[in-house]
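Note that the structure is a prediction, hence the values are computed from the model and not measured. To find a chain, count down the sequence lines: A is the first, B the second, and so on, and within it residues start at 1.
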Amino acid sequence: MADWFTAEEWTAIALSLKVAAWATLVSLPPGVAVAWLLARRPFPGRILLDGLVHLPLVLPPVVTGYILLILFGRQGPLGKLLAEIGIVLAFNWTGAVLACAVMAFPLLVRAIRLSLEAVDTRLEQAAGTLGAPPWAVFATVTLPLALPGVVAGAILCFAKALGEFGATITFVSNIPGVTQTLPSAIYSHLQVPGGDGPALRLTLVSAAIAIIALVASELLARRVRRRVEGTDA
Amino acid sequence: MLDLDLTYRRGDFTLTARFAAGPGLTAITGPSGAGKTTLLNLIAGLLRPATGHIRLDGVALTDLPPHRRRIGYVFQEARLFPHLSVRQNLRYGRLFARHPAPATLADITDLLDIGPLLDRRPRDLSGGEKQRVAIGRALLAAPRLILLDEPLAALDAARKAELLPYLARLHDQMRLPMLYVTHHPAELRGLAGGWLRVAGGMAAPAPAPDQ
């Protein structure tokens, strides 16, 4: 199977998986925090935060990528700051992680927010009367009960990150072996004569990864739901 | 000794409560919607009074959040945690309690006859079993006062008859002050040491209803 793909293509496949996994991991904590703020804490400016979170969903991806480049590029205000502690995002795979995380964030927050809103606050009150301080109520009641939504959101985030193209190529370009993910590799193949064959092969790989991820997520989500609802015992 | 003197407002609704409740079981009666559950929520800290104070054994509770009041609350619906087993539900309060439990898990499961249920999930319990577990869960958190909000309301006559002896035993063995909201004063005949009536925006001591 190893010789079905060139070394460069293997690198692109591996990089895509790595970027999507990291994008999901780094988005989860802020995703849960923002979802909780939006679901449970009425505060002035909530509509603004909601709008900001959803912005990448409605902006053209190239615009999001360009904004990231302005902010996190080598000369960008945040990019300079990060460079001082040794973190370079521009034209680096870590930048692809940021681009994918930003693009997938609205989907992640939405799924988690809906599941947090569905948690029965009366159970949280009961936990409080049993002596649990608010952080413990969140950790032992709210979050476990919202877990199916968190899992669904994480999978959605991973799938979106795997397919992200516009913001990534704008922010970190398309450098083979460094920032070239599956979609950018397919794009590159399509730019050269005779590239249709390789492009089709990588397209099939993309589809296979997506299907495996979705089936795995459905199985996982079912298991988590059974656990939460107490139908597994 | 629970002693309170407070006013609560929400929209057009005003509830003024002025009473003291000693050890033993105090029954709370009154028409639907008069504010009986509101009164319990105020005592538990789930609602805040506009003015006034709540004291339990001389300690001011008014500004304490619910988790620091040590008040057990058995709700109308048991509110067991669906993702935890019965055993984990019972032990939940022990995770946070800084005070020794008034009884061991074994004592409580004996008292309430829920030993065989420990490894089940709440959804597999009957209504009466759920309420017994909810009572056990509240007790194990080492409360200084127990609030019971019509714990029998969701049960049919047979289940009520099944649960009442446990409440009587609870009353005899745990020696905890209890406030018990009921629509059926007859249930508490022989158990209640004092009566409160919530009606017309007032919660105040009342004579035992003649039933």
When only heavy atoms count and the cut-off is under 4.5 Å, which of residues 100-135 of chain A reach chain B?
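Residues in range: A:Arg122, A:Leu123, A:Gln125, A:Ala126, A:Ala127, A:Gly128, A:Thr129, A:Leu130, A:Gly131, A:Ala132, A:Pro133, A:Pro134.
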Side chain from CB out, backbone as N, CA, C, O: work out which of these in [X] comes under 4.5 Å of a heavy atom of chain A, or both, or neither.
X	value
B:Leu80	backbone
B:Arg98	neither
B:Arg69	neither

I'd like to check B:Tyr92 versus A:Thr140 (side-chain heavy atoms, cut-off strictly below 4.5 Å). Are they in contact?
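Yes, at least one pair of side-chain atoms sits under 4.5 Å.
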Has [X] got more than 12 heavy atoms of other residues, nucleotides or ligands less than 6.0 Å from its [atom1]?
X	atom1	result
B:Arg18	CZ	no
A:Leu219	CG	yes
A:Leu48	CG	no
A:Trp22	CH2	no
B:Arg68	CZ	no

